[in-house]
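Report on one structure; see the data block that follows.
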Amino acid sequence: MEAKDRILNEGDWINLKGNIGFSGYIEEDSLVRGQYYVRFTRTPIETEINSKMWVDFNRVALYEISLEEDDLYSMMDFTLDTGDRQWFDELQGRVPQELPF
């Protein structure tokens, strides 16, 4: 994928192609580098991690599986770091609410 063909955005959840099971979300992108800065949160054995790295545009695929509660909390932490109140509120609305009984 060429930089001009980039279709993913900051906050999108991705899988790392060729390494099935590594997933995370895009924190930023660089058209100059042709890469996304990804915070990986899961490994193939479902172990939680917190690792960031630059990944070529053509090495990622949009994550098609629904997000788990822990994933939402991880993204909420990122929104606090970036001061993005609107995104935080949106994510908070997606966290499952406990029933009062």
Side-chain angles (χ1 to χ4, degrees):
M1 174 188 309
E2 297 292 323
K4 63 182 176 47
D5 297 326
R6 178 182 57 87
I7 58 169
L8 302 176
N9 299 300
E10 291 178 18
D12 284 344
W13 282 83
I14 59 94
N15 281 327
L16 189 60
K17 290 180 183 177
N19 292 300
I20 297 175
F22 280 95
S23 61
Y25 56 90
I26 298 171
E27 288 193 357
E28 65 181 278
D29 60 51
S30 171
L31 294 175
V32 173
R33 294 174 72 139
Q35 296 179 320
Y36 298 112
Y37 194 55
V38 178
R39 180 185 299 258
F40 289 98
T41 61
R42 296 252 190 255
T43 69
I45 57 171
E46 293 299 316
T47 304
E48 290 187 26
I49 58 173
N50 185 12
S51 178
K52 301 178 193 179
M53 67 186 325
W54 285 100
V55 180
D56 292 340
F57 287 159
N58 62 353
R59 293 285 321 267
V60 301
L62 190 61
Y63 193 76
E64 300 286 337
I65 301 170
S66 63
L67 298 175
E68 296 178 16
E69 190 172 344
D70 288 343
D71 297 326
L72 293 171
Y73 286 127
S74 179
M75 288 174 55
M76 289 168 68
D77 287 342
F78 175 64
T79 65
L80 293 174
D81 291 343
T82 61
D84 190 336
R85 178 63 188 231
Q86 181 180 359
W87 190 20
F88 178 87
D89 291 342
E90 176 188 326
L91 293 170
Q92 188 175 33
R94 293 175 60 185
V95 173
Q97 303 298 315
E98 290 187 31
L99 298 175
F101 52 89

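All residue numbers in this chain count up from 1 along the given sequence.
- Between Ser23 and the options Val60, Leu16, Val38, Asn15, a side chain to side chain contact (heavy atoms under 4.5 Å, CB included) holds for only Asn15.
- Between the OH atom of Tyr36 and the CD1 atom of Ile14 there is a distance of 9.5 Å, given to the nearest 0.5 Å.
- Looking at residues two or more places apart in sequence or on another chain, you find no side-chain hydrogen bond (donor to acceptor under 3.5 Å, both in side chains) involving Glu90.
- We find the CH2-OG distance between Trp13 and Ser74 to be 5.0 Å, quoted to the nearest 0.5 Å.
- Of the inter-residue distances, the one linking Met76 atom CE with Asp84 atom CG reads 12.0 Å to the nearest 0.5 angstrom.
- Remark: Asp89 engages Arg85 in a salt bridge (charged side-chain N to carboxylate O under 4.0 Å, His left out) (not counting sequence neighbours).
- For Asp56, the side-chain contact (heavy atoms from CB on, under 4.5 Å) criterion is met by Gln35, Asn58, Arg59, not counting sequence neighbours.
- Taking Phe78 as the reference, Tyr25, Trp87 meet the ring pair (Phe, Tyr, Trp, His ring centres under 6.0 Å) condition, with sequence neighbours excluded.
- A distance of 9.0 Å separates CG of Asp29 from CG of Leu8, quoted to the nearest 0.5 Å.
- Residues Asn9 and Asp12 share a closest heavy-atom pair of N-OD2, 2.7 Å.
- Applying the side-chain contact (heavy atoms from CB on, under 4.5 Å) rule to Glu28 yields the partners Glu10, Tyr37, Trp54; only residues at least two apart in sequence or on another chain are considered.
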